[in-house]
Amino acid sequence: MMNADEMQAIADTLMRVVTPDMAPKQLIKAARKEHPNASKKDIARSAFFSIIANAEADHGKARNLQAFAIAERVDSTA
């Protein structure tokens, strides 16, 4: 399991790279460029963390990350 610093680093990366038209696979690929050892679950958790930390600062990016995080969470529980 990743520590808080790793989660923060991935969350920062997600906020920097996410765009409105980005597919989940593209977001995972972009995150793994900087965090090659991050699992999909780590990236999804970091997305939820980023939503909470940045919701007021950037509503658009937070919404995009929320859609990704929920889709990954639902996909991983199936």
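Please read all numbers here as calculations on a predicted model, not as lab measurements.
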Query raised in the report: Is a side-chain donor or acceptor of Ser46 paired with a backbone partner of Asp42 at a separation under 3.5 angstrom?
Result: yes
Report task. State, yes or no, whether a side-chain contact exists between Lys40 and Arg32 at a heavy-atom distance under 4.5 Å. Result -> yes
Report summary line: For Asn64, the side chain to side chain donor-acceptor pair (under 3.5 Å) test, sequence neighbours excluded, returns none
Check: residues 13-23 side-chain donor-acceptor pairs under 3.5 Å, at least two apart:
unit_1: Thr13; atom_1: OG1; unit_2: Ala9; atom_2: O; d: 3.1
unit_1: Thr13; atom_1: OG1; unit_2: Glu34; atom_2: OE1; d: 3.4
unit_1: Thr13; atom_1: OG1; unit_2: His35; atom_2: NE2; d: 2.8
unit_1: Arg16; atom_1: NH2; unit_2: Glu34; atom_2: OE1; d: 2.6
unit_1: Arg16; atom_1: NH2; unit_2: Glu34; atom_2: OE2; d: 2.3
unit_1: Thr19; atom_1: OG1; unit_2: Asp21; atom_2: OD1; d: 3.0

**Report entry** Derivation of the side-chain contact (heavy atoms from CB on, under 4.5 Å) call for Glu6 and Asn37
**Finding:** CA-CA 11 Å; Glu6 292 169 320; Asn37 296 324; over 6 Å; no
Report task. Search all heavy atoms of Ala69 against all heavy atoms of Ala44 and return the closest pair with its distance. Result -> CB-O, 4.0 Å
Query raised in the report: Between Arg45 and Met7, is there a donor-acceptor pair closer than 3.5 Å when you use the side chain of the first and the backbone of the second?
Result: no
Query raised in the report: Please walk me through it: do Phe49 and Ile10 pass side-chain contact (heavy atoms from CB on, under 4.5 Å)?
Result: CA-CA 10 Å; Phe49 176 81; Ile10 296 170; over 6 Å; no
Report task. Find out whether Phe48 and Ile70 are in side-chain contact, i.e. whether some heavy atom of one side chain is under 4.5 Å from a heavy atom of the other. Result -> yes
Requested in this report: Mind checking side chain to side chain contact (heavy atoms under 4.5 Å, CB included) for Arg63 and listing every partner two or more places apart, or none if nothing turns up?
Outcome: His59
